[in-house]
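In what follows, a structure is listed as structure tokens, so that the remarks can point back to it.
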Amino acid sequence: MANKFRNLSGKLFQLTHGSFSRTSVRPRMSFPGGGFSGRHSSKWLGALGALTGAAGLLIYALESSVDASSDCVHPPHQHWNHTGLLAALDKESVRRGYFVYKEVCASCHSLQYMAYRNLVGVCMTESEAKAEAEAITVRDGPNDEGEFFDRPGKLSDHFPAPYANEEAARSANNGSYPPDLSYIVSARKGGEDYVFALLTGYCDPPAGFALREGLYFNPYFSGGAIAMAKAVDNEVITFEDANVPASAAQIAKDVCVFLKWTSEPESDERRLLLIKVTLISAFLIGISYYIKRFKWSSLKSRKIFFIPELEAQAKKEAEQAAEALSKAKEQECNKCENQNEKKE
């Protein structure tokens, strides 16, 4: 990929250099006021084309480098209920997904950017979230005596990490580091489709595919060999709602919805704000357009005629009015002089 990018960049540079050095047969025209000549305009156009091409190549290279899926199967698209402008996350599914994370995923993966207070109003009441927080023990301090102490969790505390540090996590997972799941849906291409396919896509490796000890085959993972064992299966947990089947697809779907919420906790608020802004903007734009047409109607609808005869007649009338005004001023001055003479 890097070689292709270099070759394309070299060709683009050669074409641009050639356009710069090329002279025009037609004579150049100069415009008053410092306008661009033909040579200068061609240089600017060549520079603009070079920048546009370089930007396109850069975007293509970044897309190709991020898409590390040439050695794995692309996840199929699932029809999620929360996709779309007027759709919202299923809060019951988010609640079940949190339960799946706590029972299945929390033993290896962390949610270091999520706090228990974020659960309030989304999938739990405040009392339920407080009970969840108090179930953990947090190392706090120092106190007035300078000592650290253990206390029950509070709403402001973040979800606990399963391991003390990265080295401990790698040691417990055969050298592999379980990633944090706070933004995993946004960080992986395919989003929740990829996570769902990864959780439900474990199968036997094809003939000739060698797996090292401690690895499992998953066609949706880059390279096919993944260190995480199959964690989602039928009846691996039991939901609070007896009407919801605890199948592998349902469990994977709920935890994907929960991880979608952790990646974008404010998605529903953003959609609602977008709807409000769209409605208010449509109303204000309509009112503004009406006021603009109303205020400018007299100026937009006026007609200006240029008739030489009328112009000459208006000029003559103006001269006559000026002469009449000067004569009136002279008569007034003469009257004042005559009055002064009589008084003397």
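By convention here, the first residue in the shown sequence is residue 1.
- Here Lys253 does not pair with Glu192 in a salt bridge; the nearest charged N to carboxylate O distance is not below 4.0 Å.
- Counting all heavy atoms, side chain and backbone alike, Val100 lies closest to Ile251 at CG1-CG2, 3.6 Å.
- Asp254 and Gln250 are linked by a side-chain donor-acceptor pair at a separation below 3.5 angstrom, with hydrogens and angles left out of the test.
- Looking at heavy atoms from C-beta onward, Leu89 lies in side-chain contact with Ser267 at the 4.5 angstrom threshold.
- Shown here is Gln320, whose CD atom has more than 12 heavy atoms of other residues, nucleotides or ligands within 6.0 Å.
- Counted by atom type alone, Asp180 and Ser110 present one or more donor-acceptor pairs between their side chains at under 3.5 Å.
- Using a 3.5 Å distance cut-off with no hydrogens or angles, the side chains of Trp80 and Asp193 do pair a donor with an acceptor.
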Practice task
Take Asp268 and Arg271 through the test side-chain contact (heavy atoms from CB on, under 4.5 Å) and record every step on the way to the result.
Solution key: CA-CA 5 Å; Asp268 291 347; Arg271 288 192 181 97; 3.5 Å; yes

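- Taking a 6.0 Å sphere around CD of Glu126, one finds it holds 12 or fewer heavy atoms contributed by other residues, nucleotides or ligands.
- Remark: Arg170 engages Glu166 in a salt bridge, criterion side-chain N to carboxylate O under 4.0 Å.
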Practice task
Any chance you could lay out the side-chain contact (heavy atoms from CB on, under 4.5 Å) test for Trp261 and Val185, step after step, and finish with the verdict?
Solution key: CA-CA 9 Å; Trp261 170 75; Val185 170; over 6 Å; no

Problem - Verdict with supporting geometry, Ile275 and Leu86, side-chain contact (heavy atoms from CB on, under 4.5 Å) - result: CA-CA 8 Å; Ile275 294 173; Leu86 302 179; 3.4 Å; yes

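- Between Phe159 and Tyr98, the two ring planes are tilted [angle within 30° to 60°].
- One hydrophobic cluster, built from ILVMFWY side chains closer than 4.5 Å, holds both Ile287 and Ile280.
- Follow the hydrophobic side-chain contacts under 4.5 Å out from Tyr113 and you never reach Leu155; the two are in separate clusters.
- Between Asp157 and Lys154 there is no salt bridge, since no side-chain N of the basic residue sits under 4.0 Å from a carboxylate O of the acidic one.
- Looking at every heavy atom in both residues, Ala115 comes nearest to Ser156 through CB-O, 4.2 Å.
- Open room surrounds CZ on Arg293; 12 or fewer heavy atoms of other groups in view lie less than 6.0 Å from it.
- Annotation: Arg212, atom CZ; neighbour count of heavy atoms from other residues, nucleotides and ligands within 6.0 Å does not exceed 12.
- Checked against Tyr194 for a side-chain contact (heavy atoms from CB on, under 4.5 Å), the options Lys189, His74, Arg188 give a single hit: Arg188.
- Residues Glu134 and Lys130 are not paired through a salt bridge, judged by the lack of any N-O separation under 4.0 Å between the basic side chain and the carboxylate.
- Asp90 and Arg95 are not joined by a salt bridge, as no carboxylate oxygen comes within less than 4.0 angstrom of a charged side-chain nitrogen.
- A salt bridge does not link Glu323 with Lys327: none of the charged nitrogens is closer than 4.0 Å to a carboxylate oxygen.
- In the model, Tyr216 has no side-chain atom that pairs as donor or acceptor with a side-chain atom of Asp204 under 3.5 Å.
- One hydrophobic cluster, built from ILVMFWY side chains closer than 4.5 Å, holds both Val236 and Leu198.
- Taking a 4.5 Å side-chain heavy-atom cut-off between Ile, Leu, Val, Met, Phe, Trp and Tyr, the cluster of Leu211 extends to Phe209, Leu215, Phe217.
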